[in-house]
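When a residue number appears, it is its place in the shown sequence, counting from 1. Keep in mind that what you see is a predicted model, and the values were worked out from it rather than measured.
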Amino acid sequence: MKKFSHLAYKEWIKTRWYIAIAVAINIGIALYIFFARRHDLEIWGPAQYFANLILEKGVVISRFKYIPIITALLIGLSQFMPEVTDKRIKLSLHLPMRPTSIIYSMVLYGFVVIAAIMAFSILLLTILLSVCFPAEIIIPALQTAVPWILGGFTCYFFIAMIAMEPLWRFRFIYIIFAYFVLRFFFLSYGLGNAVTAYPVLIIITLIASSSIIYTSHRFNKGEN
């Protein structure tokens, strides 16, 4: 546990300013959504606005769509890019821990940070939206956000996978693959109809979380 705390502190030093930026972006977009939706209600009136929302299956928090992936990019790149560009990862692997444990501890740190930011953001959105909307609108809106959040986690796992890959030509292939996979998480899900996609998206996220095993093994072996 003490070894993990030391590694977590090392990761915190690298990522703390990017975490602050990610939190600021999440707070900013939550406030923007709140004020924009309150303005819409004032212009259209509650009855007309809710009718249009239900008929057109509009997503109340559509502006939040790419925030999870932006958060993942900020945390993932700040965490792994220095390790790759400055070749610091080999120094990390000489810590008194097994190489696999070190890599997965790094990934666990990033996952926990992103999860905490997303939980805070969803809680803030829920509180703000409850001022203007009933639960019948808020719950389906939050359900629609689940694929986006899973997409953020999947993006983070892909960043870790690509960072551990020792060869640039394979990294390029992984980047193309990750792009097409991530598109599934950001399809045009209408209000409340994203639930049916949960099982497939969760499976993709779990597979992505284990992909680091392959590239970290190649990295440790120094394959080319």
Decide yes or no on side-chain hydrogen bond (donor to acceptor under 3.5 Å, both in side chains) for T154 and T205, but give the supporting numbers first.
CA-CA 5 Å; T154 303; T205 303; 3.0 Å; yes
Go through the steps for Y156 and Q79 under the test side-chain hydrogen bond (donor to acceptor under 3.5 Å, both in side chains), then give the verdict.
CA-CA 10 Å; Y156 173 76; Q79 193 179 3; 2.7 Å; yes
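- Within 6.0 Å of the OH atom in Y198, the count of heavy atoms belonging to other residues, nucleotides or ligands exceeds 12.
- Counting only heavy atoms from C-beta outward, the side chains of W12 and I19 approach each other to under 4.5 Å.
- Both L125 and I27 are members of a single hydrophobic cluster when ILVMFWY side chains are connected at heavy-atom separations under 4.5 Å.
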Dump the intermediate steps for side-chain contact (heavy atoms from CB on, under 4.5 Å) on N26 and I67, then the final yes or no.
CA-CA 7 Å; N26 277 265; I67 298 302; 3.3 Å; yes
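- Across all their heavy atoms, A22 and T71 have their closest contact at CB-CG2, 4.0 Å.
- By the 4.5 Å heavy-atom criterion applied to side chains, V146 and V195 are not counted as neighbours.
- Side-chain contact between S121 and F64: present, with at least one pair of heavy atoms (C-beta onward) separated by less than 4.5 Å.
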Worked verdict on L129 versus I33 for side-chain contact (heavy atoms from CB on, under 4.5 Å)
CA-CA 8 Å; L129 290 176; I33 290 170; 4.2 Å; yes
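- A ring-centre distance under 6.0 Å is not found for Y174 and F158.
- Annotation: the span from L201 atom CG to T196 atom OG1 amounts to 9.0 Å, rounded to 0.5 Å.
- In this structure, S78 and T15 approach most closely via the heavy-atom pair OG-CG2, 3.4 Å.
- Note that CZ of F177 is 8.5 Å distant from OG of S211, once rounded to the nearest 0.5 Å.
- Across every non-hydrogen atom of G151 and L182, the tightest pair is O-CD2, 3.5 Å.
- Within a 6.0 Å radius of CZ in F184, other residues, nucleotides and ligands contribute 12 heavy atoms or fewer.
- Clustering ILVMFWY residues whenever any of their side-chain heavy atoms sit less than 4.5 angstrom apart, transitively, puts I122 in a cluster other than the one holding I127.
- By the rule that hydrophobic residues join a cluster once side-chain heavy atoms approach within less than 4.5 Å of another member, Y179 and W148 end up as members of separate clusters.
- Here the closest non-hydrogen pair linking C155 and L73 is SG-CD2, 3.9 Å.
- The same ILVMFWY cluster, assembled from side-chain heavy atoms under 4.5 Å apart, contains both I61 and L187.
- Interatomic distance, I117 CD1 to I149 CD1, rounded to the nearest 0.5 Å: 12.0 Å.
- Within 6.0 Å of CZ on F186 lie more than 12 heavy atoms contributed by other residues, nucleotides or ligands.
- Residues M164 and I162 are not in side-chain contact: their nearest non-hydrogen atoms beyond the backbone lie 4.5 Å or more apart.
- Residues F111 and F153 meet the side-chain proximity criterion, which asks for heavy atoms closer than 4.5 Å.
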Verify side-chain contact (heavy atoms from CB on, under 4.5 Å) between I69 and F185, making sure each step is shown before the conclusion.
CA-CA 10 Å; I69 204 168; F185 294 87; over 6 Å; no
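- Between L128 and F35, every side-chain heavy-atom pair lies at or beyond the 4.5 Å cut-off.
- Expressed to the nearest 0.5 Å, how far CD1 of I139 lies from OG1 of T144 amounts to 12.0 Å.
- Distance check, rounded to the nearest 0.5 Å: CD of E165 to CD1 of I175 gives 10.5 Å.
- In this structure, the side chains of M161 and R171 stay at 4.5 Å or more apart for every pair of heavy atoms.
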Derivation and outcome, side-chain contact (heavy atoms from CB on, under 4.5 Å), residues F157 and I212:
CA-CA 7 Å; F157 293 137; I212 186 66; over 6 Å; no
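- The backbone N or O of I13 lies less than 3.5 Å from a partner atom in the side chain of R16, making a donor-acceptor pair.
- Here the CG atom belonging to L124 is positioned 11.5 Å from the CD1 atom belonging to I29, to the nearest 0.5 angstrom.
- I138 and L123 are assigned to two separate hydrophobic clusters, defined by single-linkage of ILVMFWY side chains at heavy-atom distances under 4.5 Å.
- With a 4.5 Å cut-off on side-chain heavy atoms, F80 and V107 count as touching.
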